[in-house]
K.L.:
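Sharing a structure here in C-alpha cells format.
The shown structure was predicted, so the numbers you read here are calculated from the model rather than taken from an experiment.
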Amino acid sequence: MKKILTIIGARPQIIKAAAISRAIHTHYPTLLEEHILHTGQHYDAAMSQVFFDELGVPKPHINLGVGSGSHGWQTARMLEGIEQTLQSGSYDAVLVYGDTNSTLAGALAASKLHVPVFHIEAGLRSFNMAMPEEQNRIVADHLATRLYAPTQTAVNNLIHEGLDTHTLLSGDIMLDNTLHYLPQALHSGILQRYNLTEGHYALATLHRDFNTDNTTRLQSILQALGQIAHTDGTAVVLPLHPRTTARLKDQHITLPDGILQLPPVSYLDMLALEHGARIVLTDSGGVQKEAYFVQRPCLILRPETEWKEIVDEGAAILTDADPQRILEAYDTLLGQTVTRHALFGDGDASSHIINDILKHIR
Ligand code: UD1
Ligand code: UDP
C-alpha cells in the first residue's frame, strides 16, 4: 500500500480532488492510501466546506489554516506547514493540482525533500508571466516527477520546455466531474430558488486579480453586464467570489440593475446554472471549460486563455475587459450551438492518472 499526500487549498482544487478521491476509493482502495492536506487558502464555508459535504471529498487529515495574505507570506506559511507534515509522515508521493499558491508550496516543499511530485493539470500556459498562476504552474511543472496534461495544447507546451519524457496526456479530470455530477446537478433546484428560467439568463463570474483589483477594468465589465441585462431584459446571474465582493465594498461600487448577485454557490448548483444559461461570461479557468462541457457559448473576460482550443473551436471569444468587444461577442455567440468534441479526453482521466502514479511510485 502506497501513501500519497494530496495538497488542496483553493475552491477549484477541492472540486478536482473529488475526482481523484472518488477513483481511488472506487478502484484502488487496497493500492493507495490518500491523506489530504488543506492549506486553508480558502476558508469560508461557501468556498471550502460545502464541496467536502456535497462531493464526498474525504475530510482533510491536516488543515494548515493559512488564510489570506500577500503571496510571499501566504506561500511561506504553506511551505513551512507542508514541509513539517512531510517530515513527520512517511509519504511516497505528493499530488498537486493546477496553479495556485497551494500548488506551488506543495511542489516546492516535496521536491526539496525528494518526495516525488505528481502534477495534475500540467502544461497550461497563458504566456503572461504577470499572472501569479503562470509563475506557479511553470515552477510546479519543472519540479514535478510526472505531469498530467489535460489537452494536446498542454502537451505541446511541455514538449517545448523539454518536459515531454515526464508527461502523460491524461485528459481533464474536470470533464470526469462534469459527466459524473451533471445528472444530479440538474435536480439541484437552484433555478427554482432564484426564479430563473432555463435559457433565459446569462451566467457570469469574475475573480481574477487583474479584473478585480483594477477599478477601471472592474467598472467596464460591470457596465457591459448591466447593458446586456438592460438590452435583453433578462437577468445576468453573478455568483460572486469573496475577493470581488470585498473590492466592490472598498471601492463603493454598486452593481447595475438587472444583475442578480449571489453568494458563491455549491458545485452542483454551479453546474445547474451553467447548464441552464443561454451564455456564460467569465474570467475563471474552470468555468470557461465547464461552459464548453455543458455546451454553452462563453465570453472570456481576459486578454488570453490557457484553454485556447475552446476559442479555436469557435465556442468562446476572448473579449478582455472591453465593453464594446463584450457586447459584440455577446451578439455573435448568443444562440450559437456548441458541440463538445473530445478535446479534453475520454471522461476517465482520473483512472489514467492513478494507473500512471502507481507505475511511478517507488
Ligand atoms: C486563488 C488562486 C487563483 C484561483 C482562485 C480560485 C492564487 C495565486 N490564486 O485566487 O488562481 O483561480 O483562487 O477561486 O493562488 N477570500 C475570502 N474568503 C475565502 C477566500 C478568499 O474572503 O475563503 C478573499 C480574501 O479577501 C482574500 C481574497 O479573497 O484576500 C483572495 O483570496 P486568494 O486565495 O489569495 O486568491 P483568489 O483570488 O481566491
Ligand atoms: N464554482 C462553484 N461555485 C461558484 C463559482 C465556481 O462551485 O460560485 C466552481 C466552478 O463550477 C468550477 C470551479 O469552481 O468547477 C472554478 O473555480 P474558480 O472560478 O474559483 O477558479 P479557477 O478555475 O479560475 O481557478
K.L.:
Under 4.5 Å between any side-chain heavy atoms of Met270 and Ile15, yes or no?
P.N.:
no
K.L.:
Any side chain to side chain donor-acceptor pair (under 3.5 Å) pairs touching residues 80-97, not counting sequence neighbours?
P.N.:
His35-Tyr91
K.L.:
Could you check Thr244, Leu262, Leu255, Leu260 and say which one makes a side-chain contact (heavy atoms from CB on, under 4.5 Å) with Leu238?
P.N.:
Leu255
K.L.:
With sequence neighbours excluded, tell me which residues meet side chain to side chain contact (heavy atoms under 4.5 Å, CB included) with Ile36.
P.N.:
Thr6, Ile8, Ser21, Glu34, Val57, Pro58, Pro60
K.L.:
So, His42 side chain and Arg11 main chain: donor-acceptor pair closer than 3.5 Å or not?
P.N.:
yes
K.L.:
Yes or no on ring-ring contact (aromatic ring centres under 6.0 Å, His included) for His119 and His166, after CA distance, side-chain angles and deciding distance?
P.N.:
CA-CA 10 Å; His119 185 201; His166 312 321; over 10 Å; no
K.L.:
Any chance CG of Asp257 has more than 12 other-residue heavy atoms, nucleotides or ligands included, within less than 6.0 Å?
P.N.:
no
K.L.:
Which residues pass the side chain to side chain donor-acceptor pair (under 3.5 Å) test with His114, not counting sequence neighbours?
P.N.:
none
K.L.:
Taking only residues two or more places apart in sequence or in another chain, which ones pass side chain to side chain contact (heavy atoms under 4.5 Å, CB included) with Ala19?
P.N.:
Arg22, Ile173, Asn177, Ser350
K.L.:
Quick one: sort the Tyr292 and Phe344 rings into parallel, tilted or perpendicular, breaks at 30° and 60°.
P.N.:
tilted
K.L.:
Going only through I, L, V, M, F, W and Y residues with side-chain contacts under 4.5 Å, is there a path from Met47 to Leu248?
P.N.:
no
K.L.:
Could you tabulate the donor-acceptor pairs under 3.5 Å formed by side-chain atoms of residues 218-236, not counting sequence neighbours?
P.N.:
{"unit_1": "Ser220", "atom_1": "OG", "unit_2": "Thr216", "atom_2": "O", "d": "2.8"}
{"unit_1": "Thr231", "atom_1": "OG1", "unit_2": "Gln227", "atom_2": "O", "d": "2.6"}
{"unit_1": "Asp232", "atom_1": "OD2", "unit_2": "Arg278", "atom_2": "NH1", "d": "2.5"}
{"unit_1": "Asp232", "atom_1": "OD2", "unit_2": "Tyr330", "atom_2": "OH", "d": "2.5"}

K.L.:
Is Arg217 salt-bridged to Asp283, cutoff N-O under 4.0 Å?
P.N.:
no
K.L.:
Nearest 0.5 Å, please: how far is CG in Leu143 from CG in Leu108?
P.N.:
6.0 Å
K.L.:
Please name all residues satisfying salt bridge (charged side-chain N to carboxylate O under 4.0 Å, His left out) with Arg137, sequence neighbours left out, ordered by chain then number.
P.N.:
Asp99, Glu134, Glu306
K.L.:
Are Ile259 and Leu203 joined in one hydrophobic group, where the rule is that I, L, V, M, F, W and Y side chains link up if heavy atoms are under 4.5 Å apart?
P.N.:
no
